[in-house]
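Numbering starts at 1 and runs along the sequence shown. Both counts, for ligands and for their atoms, begin at 1 and track the order of listing.
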Amino acid sequence: MMEALQSWDAKGRWDTIHLAGVRDLADPTIFDKIITGEIPAAIVKEDDKILAFKDINPVAPAHVLVIPKDRDGLTRLRKATSEHIEILGRLMLAAGEIAKDESLGFGDGARIVVNDGKEAGQEVFHLHVHVLGGREFNWPPG
Ligand code: 5GP
């Protein structure tokens, strides 16, 4: 037993437990208030890990944001590590499902975007996937 505990100690596993849940020290964003329900949003999809809601300032007839409920350090995409693979997959899966939901105004095509950083137009530093549809989009993007 002691050996096992010492091995955990040596590998720094206690640190992981100690820091669990507090490793995201970045400033909270407006999305935290949407997650808690403090600020209302038109929620279109939700499960234990992700929340999807209509963008308050849509730039297309259909415009939904998909976010992780637990930001877990993902202020922006480039903060992702291999520990985030599952949540990143869930965000993309949800985006794909939303993109084919005609009741939300999506047609046969969608523009799915992550703005990574100010230079790319990111304003809210809680990772989010934009799912845009209901019109045609240009390429290259502006
Ligand atoms: P970003 O520019 O960071 O990629 O996208 C942030 C998005 O969040 C913007 O499209 C903006 O309209 C949306 N947004 C900002 N505040 C709110 C809000 O309080 N409610 C909703 N539903 N969307 C918001």
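- Among all non-hydrogen protein atoms, the one lying nearest atom 14 (N) of ligand 1 is Ile56 CG2, 4.0 Å.
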task = Evaluate the ring pair (Phe, Tyr, Trp, His ring centres under 6.0 Å) criterion for residues His126 and His128: first the C-alpha distance (whole Å), next the side-chain angles of each, then the deciding distance (0.1 Å), finally the verdict.
result = CA-CA 6 Å; His126 181 132; His128 50 281; 8.0 Å; no
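- A salt bridge is absent between Lys49 and Glu86; no separation between the charged side-chain nitrogens and carboxylate oxygens falls under 4.0 Å.
- Any N or O atom pair closer than 3.5 Å counts here, and Ile30 shares no such pair with ligand 1.
- Short contacts between ligand 1 and Asn115, defined as distances under 4.0 Å to a heavy atom of the residue, involve ligand atoms 4 (O).
- Taking CG of Asn115 as the start and CD of Glu123 as the end, the distance is 9.0 Å to the nearest 0.5 Å.
- Close to ligand 1: Gly121, with a non-hydrogen atom less than 4.0 angstrom away.
- Exactly one residue among Leu127, Ile50, Asp72 makes a side chain to side chain contact (heavy atoms under 4.5 Å, CB included) with Ile87. That residue is Ile50.
- Aromatic rings from Phe31 and Phe125 are positioned such that their centres are separated by 6.0 Å or more.
- Counting the atoms of ligand 1 from 1 in the order shown, those under 4.0 Å from a heavy atom of Leu65 are 7 (C), 8 (O), 13 (C).
- Counting protein heavy atoms only, atom 22 (N) of ligand 1 is closest to Lys54 O, 2.9 Å.
- Taking each of Ile34, Leu127, Val129 in turn, the one with a heavy atom nearest to atom 20 (N) of ligand 1 proves to be Ile34.
- Nearest-residue assignment for atom 5 (O) of ligand 1 (options Glu123, Arg76, His128; heavy-atom criterion): His128.
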task = For side chain to side chain contact (heavy atoms under 4.5 Å, CB included), just list the numbers for Ile98 and Phe106, CA-CA rounded to whole Å, side-chain angles, deciding distance to a tenth of an Å, and then say yes or no.
result = CA-CA 8 Å; Ile98 289 161; Phe106 290 97; 3.7 Å; yes
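- With respect to atom 7 (C) of ligand 1, the closest heavy atom belonging to the protein is Asp55 OD2, 3.4 Å.
- Between Asp48 and Arg90, at least one side-chain N (NZ, or NE/NH1/NH2) sits under 4.0 Å from a carboxylate O, which counts as a salt bridge.
- If you check which protein heavy atom lies closest to atom 15 (C) of ligand 1, you get Val124 CG2, 4.3 Å.
- Of all atoms in ligand 1, listed by their number and element, those nearer than 4.0 Å to a heavy atom of Asn57 are 12 (O).
- The nearest pair of heavy atoms linking Lys79 to Gly73 is CB-O, 3.4 Å.
- When non-hydrogen atoms are compared, ligand 1 lies under 4.0 Å from the side chain of Phe31 (C-beta onward) but not from its backbone.
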